[in-house]
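Contents: one structure, followed by commentary.
Letters A, B, ... mirror the listed sequences (proteins, then strands); counts begin at 1. Keep in mind it's a predicted model, so treat the numbers as computed, not measured.
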Amino acid sequence: MIEVVVGALVYSNLLAMLSVGLNLILLTCKVSNFAHGDFVMVGVYTALTVSTILGVTPYACLPFALIAGGVISFALYRVVFEPLRTRANLVMLMVVSMALDIILRYSLHIYADLAQAWLKVHTRLFLFDDFLIEFSGVKIPGVLVFSSLTSVILLVSLYLLLFKTRLGTAMRASIENPELAEALGVNVKMVFGLSWFLSGALAAAAGVFLPFRAMVSPDTGWSMLLPTFASVIVGGVGSLSGSLIGAYTIGVAEVFLTYVLASLGVSTAYRPLVSFSAIITVLLVSPKGLSGFLNGKGWKPWKS
Amino acid sequence: MEVLTFVLSLGTLYSIYVILAASMELEYGELGLPNFAKVAFFAVGAFTVGALSVRLCATLTGVALEGEFKLRSYYYATLLSARISSNPLLGLTVFLVTLIVAVPLSMLLGILASYPALRLREDYLATTLIAFSEILRVITRNYEPLLGGTFGAGVVDFLAWLRSPWRELTMLVLCSSLAAGIWFIQYKLSTSPFGRALRAIRDDELASVAYGKDVAKIRAWTMAIGSGMASVAGVLYAFYIGSVNPDDFTVARTFLVVLMVTVGGRGNPYGSLVGAATYLLLDRVMLFIKHNIPLPFDVNYFSYIILGILILVIIVRKPEGLIPERPPLTVKLNKISESNIIQHNTEK
Amino acid sequence: MREPKSMKLDNNFFIAKNISKSFGGLQALHKVSLSIPEASLTLMIGPNGSGKTTFLQIISGILKPDDGRLVFKDHDITSLPPNLRFTLGIASTFQIPRVFPSLSVLENVLMAAGDPTPNPMRALWGVDEHELIEKAFNILKLLSLDHLWNKPASTLSGGQMKLLELARSLMSDPKLLLLDEPLAGVNPALASRIMKFLTELKSCRGIAAFLVEHRLDLALKHVDFVYVLHHGRVISQGSPDDVLEDPLVAKAYLGE
Amino acid sequence: MSLLEVRDLHAGYGRIEIVSGVSASVSDREILAIVGPNGSGKSTLLKAIFGLCKVFTGNVFFKGVDVTRIPPYRRSLNGLVYLPQTRNVFESLTGRENLELAVRDVHESDFRKRFEGIITFLPEVKGLLNRKVKTMSGGERQMIALAMCLMRTPSLIMLDEPTAALAPNLARHVLERVSELRDEMGLAVVLVEQNALTALEVSDKALLMVSGSTRFYGKPQELLEDRELVKTYLGV
């Protein structure tokens, strides 16, 4: 049972970092970013590479992962999404992000092949070694402590950046009304680029912790993607704090429902159904997510 | 001989992709409904074959199926194919019955899937449909009695009464004539008043309603037709491959079809032909490289990357695709100039 | 307050009774009642934000009223969706033309005719649209758009798009035309042509038109009856001359 | 030399010409009122002057420089500011954040100095600083929007119907404040107004637009004495 609780918390921590980043991109550029899961894998492979070369614990590779994920994400924005910002429709942007998903995923596959020969370690279906941390006699898995700390620190810093700095003000202003912000001299392009950097960095940070709990391969990013979408949709698109609530709802629900069903003899392989059906149910019943539902606005059609 | 089988299988695959692209063209290219659950309707066809062909054939020949389906389906598929080799009628019955079951089933699901479009913005609609197709995949890969789960299911060879290469040739003729028929249906639909209504809804849903069109009904029709088409492709695919594995039906396959339509040119009935050809050409070139040029990694990965870059370049540089849409599509030019309407006008 | 010469509410062509509508806390329309007789030109005017477009969208069915009833030729159409109102004979145009950009001009006009749900089965055998095309060309000729018939609608100028909207709504032989600012953004020569055209439609084909318009200089001399809307209420109604002399109207327009 | 000069301006959106051949000029400490019926192109004229819509032919000179082709934000750095009719404040931000955003290129101490100057003119703003704009009334939002413009220390401010959607008594109050902009802050103002009579009372010059072109340009008093005005409004 304790194992289940730990699993649920770690998983929710990762979903929190992922869904806030995904939502940030939805808010700024209106992109349903299907390449988001691949930034997780960028984090995984950065951590694997750096920790193997330096011989340190993967936890110490967090800064490298942050930078790698952020830089790649920012570069993709500058090269692909910025030219399309004002002229592509929503579905086109989605198709573009799917193309990027394919490019990134198979680049990672190639990297995994090359790294296996170069680093002489398993680059597919591997696990990171964890250790236990003792708090007044209670032994806690390191990944729970570190992933919780990281997600709290990163999300609090994101909050401070958005709400306590002038740059954050400019960012929120650009989200609400890019034309007016531009007329007031805000460099909207750079502000949106920053949001891509942050989103990629958050996802890569989540990636550092993933292999402590689950065996990964370059395709694993996809399996993290739909639960992330579920978290964003449950929390309500457009509300960053909602995504946080959504992440813990989906994370805990997925782990516990699977646990309950497994004890009833149902295969645990049905686990993804929890978040998939959450996406469909929430979008059809209350398109603005839980917050919209609580405000009594959820029943109106989303479409204008 | 090897060249012949290569060409025959290439033609068969092309036909299957043309059917998929034509159905996507109708739904996404003409109507603007991003049916990103395409693979689910494709899978309905294939799964029907996977679940039915062995069982149906066994019932018809009086063979009792013993043991777990997931472990024994391939064995029985081989056994029953041997029966078919001496009984062509049995093979054709299996083919027709699976087709007759799959198409209406898929059409029904299609109508169901057209309803979220009433209330969702396009990108959320696409996400919903993706989730829907993944649900179907997760259930079938884990519910073993139906399709053998991750083991997959064996499929009888309904053309076992023919010898190679006549078997492959017949398959090609069958697939290509079905593809031609389906493409022609798509062509006729998109150049008729129906196609006009589809493009009008895509351009401006509110204005279409204001000018009297029943948008919900038209969308349901289109999804039904498109899904029926996709399930035909699924049936053919299952018989062509000779087995059905749920993990073969991932979102990536939907994406390939979207790619074909985008590359070919959305809103142009010929786009699906060009798009499917472009994809297959690229795929085969990569296969050739894989067999002839040594690389330190699996070249399949590389072919996917090229595909991804290709679609990026097309969307950024030439968003309208290789053959852009050109009005008027639904009014025949020669008919107009025949009537005196134009002559009268040019005299002025 | 002077008693306005009220139009009799006993005609059975089109009647709107006590239409109310609010958005959030804002009351956009407050018990608006009016009637439109057959074969007439009726104008609704009012300052910005007085609720004119809202009212028009309620008649065309794009918005649902909170309260009130709409009756068209003895049918209660209050809860009918826009497409069914269109088939009954109420055609409307949009303030900013909403043509279908990727269809040709002729296709745009044909869109408004024929089956509300074209049968896909019939498409396979081919549909003979000869008569419809001829009719469409006649309408396009009336509005001098026929030489553009095969151009994509997206390439038209703003004024041409306005004309195309008008052509489109005539295609279904409507009984009642709802026009949202048909003269906005149109040059004066074209504007007076449109008004003359509407007058002709009225006298030759018996088509009633209900206009919402700001360009009073161009519209007023052609219309039969005027309603003035202010803050969501009808503050004056009558013939054009009556309304012009109503001090309430001047006040509503000029502020204090 | 006049501060702003518009020469034979033709402007609109896409292919549609909405302003056809308008000329006008504004000098220091002068209020130009642009009046006319709805849809006559008043707002489009302001947008054209600020560079927010397409200019087909004609020129805009500001401080003697031809600014017709330079981007809007550079015009605002030169001292020309524009207050749109709607969506002119960031609803999700607080009053202070809106003001900070308007002058994010300015140093903190300078910000404070400018802010002091504005507070003496718009004391109401002080109470609005820590509130989210979405909780404010229409009048309060206009205050914030005006303060945002003034923080940029303009020499000419263009107001697009500042009284739209305001109660009549409040509208009058706002227009009186507009004349204070000229008298106390020493600004030139271009004012587009629905409440024509009040607007003409406070202005130095008047431009009457009908269907995109000039019907009258000159002293407001002459326009007011002209019975033609009332009739033009009602179209006879």
Neighbour count >12 (heavy atoms, 6.0 Å) for atom CZ, F64(A): no
pair E97(D)-R166(A): side-chain heavy atoms closer than 4.5 Å: no
Contact listing (chain A partner; residues 83-90 of chain D; heavy atom under 4.5 Å): R87(D), N88(D), V89(D), F90(D)
Non-hydrogen atoms of A102(D) and L184(A) that approach each other most closely: CA-CD2, 4.2 Å
Distance in Å, L180(A) CG paired with L101(D) CG, rounded so as to fall on 0.5 Å steps: 8.0 Å
Salt bridge (charged side-chain N to carboxylate O under 4.0 Å, His left out) partners of E124(D), counting only residues at least two apart: R177(D)
Those residues of residues 147-156 of chain D, ordered by number, that approach chain A below 4.5 Å (heavy atom to heavy atom): M148(D), R152(D)
Heavy atoms of other groups near R131(D) CZ, more than 12 under 6.0 Å: yes
Residues, nucleotides or ligands: over 12 heavy atoms within 6.0 Å of K189(A) NZ: no
Which portion of V81(D) sits near chain A, non-hydrogen atoms under 4.5 angstrom: neither
E176(A): partners by salt bridge (charged side-chain N to carboxylate O under 4.0 Å, His left out), with sequence neighbours left out: none
